[in-house]
Amino acid sequence: MSDALHAELARVARELGAEDVSFVLERPREASHGDLATNLAMLLAKQLKSNPRALAEQIVSRLELAPSLVAKTEVAGPGFINFWLADEQLIEALHTIIDQGPRYGRSEVDKPLSWNVEFVSANPTGPLHVGHGRGAALGDAIASLLEWQGHTVTREFYVNDAGSQIDKLARSLWARVQQAAGGETPIPDGGYHGQYLADMAAEILQREGSAFAQLPEEDGVARCRELAVSAQRAEQDRDLLAFGVRFDTVTSEQQLYRDGRVDAALALLTERDLTYEADGALWLKSSQFGDDQNRVLRKQDGSLTYFVPDLAYHMEKHDRGFDRVIDVWGADHHGYIPRMRAALRALGYSERFFDVALVQLVKIVRGGEEVKMSKRSGDFVTLHDLVEEVGVDAARYFFLMRRSDSQLNFDVDLAKSQTEDNPVFYVQMAHARMSGIFRVAGLDPDTVSPDVRLQDFPAKEGIDLLKKLTAFPSIATRAARELEPHRIASYLEDVARATHSWYHNCRVLGAPPEVERARLALARAARITLANGLTLLGLSAPDRM
RNA sequence: GCGCCCUUAGCUCAACUGGAUAGAGCGUCUGACUACGGAUCAGGAGGUUAUGGGUUCGACUCCCGUAGGGCGCACCA
């Protein structure tokens with residue numbers, strides 16, 4: 001409905017001699033400012049060096065709007081033009097929600113793109129912790145938001161299974177095997193001390209027999225590497241699946257090496273004259289492309305820095321034909337962004353090809369106290385344990401309810417509570433209540449007709465709720481554009497509040513027949529919107545709780 | 001020392017590429033249960049948006065300075 005209005009405003013703007021003004025037409029915060037408002041006159045005033053209020057009056061007098069679209073127009077404040085939509089528009093919106101059903105809130109962008117969202121990408125050196133959980137929830141939700149805009153999305157996991165960390169992991173496991181076999185081999189410096197490796201060592205000895213510990217060291221370490229990586233990967237996949245996240249593609253760093261992608265990347269950079277040798281190392285001329293310094297690609301000792309396979313990986317994603325690539329990274333990696341951006345720029349990729357969504361720290365709070373975590377000592381809250389304790393829905397919601405670039409206090413007690421204090425519960429409860437109406441009435445909600453009249457919503461709460469529901473598509477679009485799923489969470493709380501309020505004040509069943517029909521339609525629309533929003537975030541929409 | 005992010009109500013957080021009187025939840029105070037789930041609802045109090053300047057018709061939002069917090073500044077990953 002706002003599209004038609006937007007177009008008409010643009011037409012009048014052109015008529016007044018303005019070239020593409022990017023004005024906004026949006027729902028004002030204040031209800032007394034109408035259903036939609038535009039700042040067009042104020043922007044035009046700047047361009048045409050004229051008085052904004054006078055221009056606003058002029059615009060209004062030139063607008064040709066059907067009475068079925070806009071009921072009332074006014075000029076207000078410094079030059080805003082406020083619009084009150086005709087009743088038909090609200091009923092039209094109710095039809096839209098119900099007709100679209102599970103698709104309500106989705107859009108179709110003009111040009112669907114192929115996106116790759118890479119997230120979690122934890123080293124296969126141990127169990128996933130709560131920080132990975134936040135990244136998993138965020139990456140998955142961003143992917144869904146993009147899909148809701150009509151894009152094609154690949155969810156991808158990158159396994160760093162080739163670096164020195166893996167080497168340390170393999171040697172740590174080998175040491176645990178020796179210890180389990182009665183030896184005294186210490187865990188190497190900078191190795192992994194977590195109990196899980198000791199457990200794994202015991203399993204290996206039981207399965208493979210004690211001869212395993214007698215293998216020549218290099219063979220043993222190599223076997224340990226394979227066993228450790230595959231076991232850790234399997235465990236991570238289990239945890240992620242339990243968290244409701246599945247990946248379309250898993251890319252292995254080792255595989256990139258085996259496919260010659262890493263060497264090819266190095267060769268291409270050199271061929272393009274983007275590298276140079278100095279101090280016995282090979283450098284990338286990244287400072288010419290926006291990085292604050294040049295970066296080493298091949299060290300003095302002849303080995304490659306981690307940057308090279310990472311770069312090769314992004315080139316490989318580009319080769320696979322993605323229009324856009326988003327990496328979800330922990331905020332501690334933010335210093336790494338400029339060099340990756342510079343390298344991709346040097347290769348001539350589009351500036352918009354690569355983007356990063358940063359995830360800040362998660363603090364676990366229990367009983368009002370922060371739970372201290374330290375990865376070094378192997379003492380941290382795992383994603384597995386958290387999901388076990390609070391459930392998938394609460395965990396996902398809590399990870400998503402704040403902007404990803406602000407630190408998150410995850411209150412475990414709150415996440416578990418079954419009261420209105422808990423936002424997940426509050427939102428899901430609103431959905432369950434709507435379902436409850438149909439359950440009690442013995443009606444299938446999908447059969448309720450939207451064919452009702454606005455005057456059959458005598459109470460303000462009903463109109464408020466309906467107006468709130470109509471905002472969903474634009475909220476979803478904006479959330480997708482900004483890669484900010486928390487906007488959906490805020491919106492859902494808003495809708496849930498309006499739903500509870502309406503429910504409390506307006507009894508549906510037993511109202512006069514026309515009113516009951518109208519309210520049933522509204523209940524159906526609210527249920528659809530709540531369910532779609534919850535689904536978008538990867539949560540369930542229960543019919544009873 | 002340099003760079004990036006953050007600082008909004010007592011607490012946790014919102015605020016639509018700069019818009020009108022900065023909004024929610026929790027907590028606090030006052031009220032509402034013969035009903036589709038009161039597992040809820042209605043209302044009040046609570047703010048110099050860290051701070052000082054600047055740009056603008058208009059600034060939480062953009063620019064500069066200051067204070068406080070986080071993170072990063074490897075031929076580590």
Side-chain angles (χ1 to χ4, degrees), chain A residues 22 24 26-30 32-33 37-39 42-43 45-46 51-53 76-80 82 123 125 160 162-168 190 253 278-283 292-293 295-307 309-310 330-338 358 360-361 365 368 401-403 405-409 411 414 417-423 425-426 428-430 432-441 461 471 474-475 477-479 481-482 486-487 489-491 493-494 497 500-511 519-520 523 544-545:
Chain A
S22 60
V24 292
E26 59 197 10
R27 295 164 53 90
R29 265 201 280 265
E30 192 71 29
S32 65
H33 294 147
T38 181
N39 61 350
M42 289 176 293
L43 295 175
K46 197 170 272 180
N51 178 305
R53 281 200 68 114
F80 286 98
N82 298 335
N123 287 344
T125 52
N160 286 111
S164 60
Q165 290 305 314
I166 300 301
D167 218 55
K168 284 177 185 151
E253 183 182 1
D279 305 329
L282 184 71
W283 298 70
D292 55 351
Q293 57 182 282
R295 302 290 171 178
V296 170
L297 297 172
R298 193 176 55 227
K299 301 180 241 178
Q300 279 181 344
D301 67 3
S303 67
L304 301 179
T305 59
Y306 59 93
F307 186 35
D310 239 22
D332 55 342
H333 287 78
H334 78 260
Y336 188 59
I337 299 173
L358 288 181
Q360 278 287 358
L361 279 178
V365 176
M401 70 183 177
R402 305 289 182 227
R403 301 171 52 116
D405 59 1
S406 67
Q407 292 195 359
L408 173 71
N409 289 320
D411 186 331
L414 180 60
S417 95
Q418 300 286 295
T419 66
E420 54 169 325
D421 311 354
N422 182 350
F425 182 84
Y426 187 78
Q428 290 185 321
M429 182 63 196
R433 281 187 137 172
M434 293 303 100
S435 300
I437 295 171
F438 296 103
R439 187 169 55 243
V440 169
E461 288 86 353
S474 65
I475 299 279
T477 296
R478 184 168 170 82
R481 194 177 75 215
E482 309 287 340
H486 78 272
R487 290 170 183 278
S490 300
Y491 173 69
E493 287 175 42
D494 214 22
R497 200 164 19 252
H500 283 303
S501 174
W502 172 69
Y503 175 92
H504 196 265
N505 288 297
C506 304
R507 191 178 161 81
V508 175
L509 304 179
R519 288 182 174 166
L520 280 169
R544 59 197 321 164
M545 303 187 65

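Reminder, nothing fancy here: chain letters follow the sequence lines and each chain counts from 1. These values consider heavy atoms only, across backbone and side chains, with no hydrogens, waters or symmetry-generated copies.
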Can you say whether a donor on the side chain of A:Asn505 sits under 3.5 Å from an acceptor on the base of B:A32, or the other way round?
no

Rounded interatomic separation in angstrom, taking CD from A:Gln300 and P from B:A74:
16 Å

Does A:Arg53 make a side-chain N or O approach to OP1 or OP2 of B:C57 shorter than 4.0 Å?
no

Ignoring backbone atoms, establish whether A:Arg487 has a side-chain N or O less than 4.0 Å from OP1 or OP2 of B:A15.
yes

For B:C73, does either OP1 or OP2 sit under 4.0 Å from a side-chain N or O belonging to A:His333?
no

Are A:His33 and B:A20 stacked, counting the six-membered base ring, centres under 5.5 Å, planes under 30°?
yes

Does any nucleotide pair with B:G1 by Watson-Crick or G-U wobble geometry, both distances under 3.5 Å, and what is it?
B:C73

Return no unless some side-chain N or O of A:Arg403 is found under 4.0 Å from OP1 or OP2 of B:A15.
yes

Give a yes/no on whether any side-chain N or O of A:Lys299 is located under 4.0 angstrom from OP1 or OP2 of B:C76.
yes

Pick the nucleotide of RNA chain B nearest each of A:Gly163 and A:Ala76; which residue has the one closer to the 5' end?
A:Ala76

For A:Arg507, report the nucleic acid contact type (base, sugar-phosphate, nothing); a contact means any heavy atom under 4.0 Å.
base

For A:Trp502 and A:Gln293, find the nucleotide of RNA chain B closest to each by heavy atoms; which residue's nucleotide sits nearer the 5' end?
A:Trp502

Would you say B:A24 has OP1 or OP2 under 4.0 Å from some side-chain N or O of A:Ser490?
no

Let me know the distance between CG of A:Asp301 and P of B:C76, rounded to the nearest Å.
7 Å

Using a cut-off of strictly less than 4.0 Å, decide whether A:Tyr426 has a side-chain nitrogen or oxygen near OP1 or OP2 of B:A24.
no

Below 3.5 Å, does any donor atom in the side chain of A:Asn39 face an acceptor in the base of B:G19, or the other way round?
yes

Pairing partner of B:C60 (Watson-Crick or G-U wobble, both distances under 3.5 Å)
none

